[in-house]
Amino acid sequence: MIRFFDVVKLFPGGQVALDGVTLQIKPGERVFLTGPSGAGKTTLLRLIYREDTPTSGQILVNGRNVATMPRAKVPYLRRSIGVVFQSFRLIQRKTVLENVSYLPKILGASLGERTEQAREVLGQVGLAHRLTSYPQELSGGEQQRVALARALINRPEILLADEPTGNLDPQLSLDILEHLLEVQRRGTTLLLATHDSATIEAVGGRVLVLNRGRLVEDLHLPGRGLSMAVEPQDYVRPAAGGQLQPEETR
Amino acid sequence: MSLLQALRYFATEAVASMIGNWRASLLAVVTCALSLYVGAFFFLLSANLSRQTDSWQGSLKLSVYLDSDAAPAAVEHIKAALSQPPWIEETQSVSQAEAQLRFDDAFPQVAEALGEDSRIALPASVEGTIVPSAIDEAAWNEWVLRLRALDGVSSVDDDRNWIREVQRFSSWIRGAGLALSFALLVAAAFTIAAVVRLTAYQYLDEISVLRLVGATEFYVRGPFVMEGLVQGLLGGASAIGGLWLTFALATAEAGSSLWMTVVFDRFLAVSSQVAIVLIGATAGLLGSILSIRREALVESS
Ligand SMILES: Nc1ncnc2c1ncn2[C@@H]1O[C@H](COP(=O)(O)OP(=O)(O)OP(=O)(O)O)[C@@H](O)[C@H]1O
Ligand SMILES: [Mg+2]
């Protein structure tokens with residue numbers, strides 16, 4: 001469960017990243033977060049895993065008040081949240097196994113147990129055979145799957161993904177998306193920030209639209225089927241009062 | 001992870017990063033070693049000096065030098081006056097010839113250089129062994145003055161005076177060594193701090209990943225603290241190694257030099273060696289802890 005109550009995030013210099021956002025995401029829900037560049041998507045995600053704190057307002061994550069949480073408790077919050085980024089953020093000098101099983105390691109799992117756990121989550125993303133590879137030996141799509149496996153290793157209740165397919169070509173994007181959706185189907189809350197309206201339209205689900213830090217739409221779209229997602233489509237409609245641009249091409 | 005496992009993990013990471021950054025790490029170890037070497041060197045000198053002065057305490061003498069024309073009766077009177085107080089144990093007459101023999105014995109090179117002809121005539125003396133524990137300073141001073149005034153006395157020489165000189169010198173050495181070593185140690189701690197921070201900056205994105213997946217600060221910073229600790233330990237150990245080398249060379253070279261044999265009499269006790277290594281470790285630990293406060297390890301983006 002994620003709840004935002006009138007959350008405002010200002011950056012030094014007066015930049016308004018979030019402007020009075022109130023929302024609620026139920027356990028196991030699949031939610032797309034979209035909106036033009038600079039709308040506040042990344043900021044919203046960062047507030048959830050306490051990479052940043054709101055200027056005002058309250059944020060509840062799994063019953064914990066993230067905004068006021070003492071710094072020492074943050075690691076325990078993060079162990080129940082998986083995060084995937086556009087830029088994978090793997091540790092280059094460590095093997096896939098070490099990347100994926102760092103948390104189990106510091107939690108005291110033996111090498112055998114860690115290997116077992118890593119094999120299982122890597123199996124979910126089809127990479128169980130690459131345990132001893134280094135990230136630079138993997139393709140972009142494979143690296144992102146490793147990052148996803150790392151996010152899943154501690155069976156998080158929430159999975160956050162910030163443009164997880166932004167660095168990948170359409171076919172690989174589809175592949176990663178399938179994996180993310182599979183995780184959600186197994187019961188994990190999925191909050192996925194993306195510009196990719198075609199994907200949203202194809203998959204369907206709840207869509208939150210941000211614009212200039214405001215939550216301008218909260219709607220449910222029926223899915224059309226993933227196979228069509230590869231077709232470039234512009235989904236994002238101008239919202240009432242908003243000036244949403246068609247999706248930017250990168 | 002148990003504490004032991006955590007420490008092992010920290011050590012593995014620290015060693016890997018030190019190897020990857022060997023130049024900077026070497027610099028940190030060398031500065032640390034240098035500062036501890038200086039301190040340990042002075043400590044070694046003063047420890048040997050004080051041991052020597054302690055051993056001399058048992059054989060301190062008060063020498064009363066006689067005028068060359070002192071009458072035998074006057075000498076007997078002097079002897080009696082010398083042996084009277086409780087702080088003199090036994091007395092002994094030293095003739096001119098005996099004085100000459102002692103001198104040749106103590107300073108063979110000087111004696112040789114002077115040759116038979118140009119000898120200075122050494123005065124005869126009466127000497128008494130001092131019992132330091134029995135001395136009442138005020139009475140002693142008065143008594144020495146009276147001795148000086150006796151007929152046939154040319155001068156009175158108290159061994160304790162130059163022992164005091166040596167002790168003063170020894171504690172000066174110790175103080176100077178401590179001060180110098182402390183200053184250098186502070187510099188070493190700062191060097192270690194800078195090196196560890198440099199390393200930490202290189203690993204900044206790794207650090208943010210570790211925090212992202214839920215690592216506590218203990219695990220995030222442990223490897224860096226360990227790196228400082230290891231550098232300090234290595235510095236301390238190298239200082240001891242270097243000092244031992246100096247000691248071995250010095251004792252081999254010492255030969256007949258009295259000073260060299262005194263100040264390089266014995267190497268540092270094991271407990272002192274351990275203490276020096278621990279001081280290095282502490283400096284490294286403090287340096288690294290200070291250098292990686294949380295605020296220092298946040299990406300600027
Ligand atoms: N650290 C920061 N300091 C100052 N301003 C910031 C900072 N981070 C974000 N912002 C500003 O906050 C606003 C929202 O940024 P955010 O990154 O959340 O947007 P976004 O929706 O993720 O954009 P994009 O689609 O390009 O990733 C932007 O105007 C941005 O310039
Ligand atoms: Mg963003």
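Here is how names work: the chains are called A, B, and so on, in the same order as the sequence lines, proteins then strands, and each is numbered from 1.
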Please answer whether the main-chain N or O of B:Arg211 pairs with a side-chain N or O of A:Arg78 as donor and acceptor at a distance below 3.5 Å.
-> yes

Which bit of A:Arg50 is near chain B, if near means a heavy-atom gap under 4.5 Å: side chain, backbone, both or neither?
-> neither

Toward chain B: residues of residues 51-60 of chain A with heavy atoms under 4.5 Å | none

On a heavy-atom basis, the closest approach of A:Asp196 and A:Thr194 is N-OG1, 2.8 Å

Using the test side-chain contact (heavy atoms from CB on, under 4.5 Å), find all partners of B:Ser238 that sit at least two apart in sequence or belong to another chain.
-> B:Val29, B:Ala33

Among B:Thr199, B:Ile207, B:Val196, find the one that has a side chain to side chain contact (heavy atoms under 4.5 Å, CB included) with B:Ile292.
-> B:Val196

Could you look at B:Ala215 and say if it's the side chain, the backbone, both or neither that has a heavy atom under 4.5 Å from chain A?
-> both

Neighbours of chain B found in residues 106-130 of chain A - heavy atoms under 4.5 Å | A:Ile106, A:Leu107, A:Gly108

Cut-off 4.5 Å, heavy atoms of chain B, and the answer for A:Lys94 is side chain

Shortest non-hydrogen contact between A:Ala193 and A:Lys41, atoms and distance | CB-CB, 4.1 Å

Is it true that a side-chain atom of A:Arg79 and a backbone atom of B:Gly214 form a donor plus acceptor pair closer than 3.5 Å?
-> yes

Please assess B:Ser50 against B:Arg174 for the test side chain to side chain contact (heavy atoms under 4.5 Å, CB included), listing each intermediate value before the final yes or no.
-> CA-CA 10 Å; B:Ser50 17; B:Arg174 195 185 303 232; 3.3 Å; yes

Taking B:Asn48 for the side chain and B:Arg266 for the main chain, is one N or O donor matched with an acceptor at less than 3.5 Å?
-> yes

Sort B:Phe218 into side chain, backbone, both or neither according to what part of it lies under 4.5 angstrom from a heavy atom of chain A.
-> neither

Distance-only criterion, 3.5 Å: show the donor-acceptor pairs between side-chain atoms of residues 184-193 of chain B and protein atoms not counting sequence neighbours.
from     : atom 1 : to       : atom 2 : distance (Å)
B:Thr191 : OG1    : B:Ala187 : O      : 2.8

Any side-chain heavy atom of A:Tyr76 sitting closer than 4.5 Å to one from B:Thr216?
-> yes

Polar contact flag, side-chain donor to acceptor under 3.5 angstrom, B:Asn21-B:Gln202 = yes

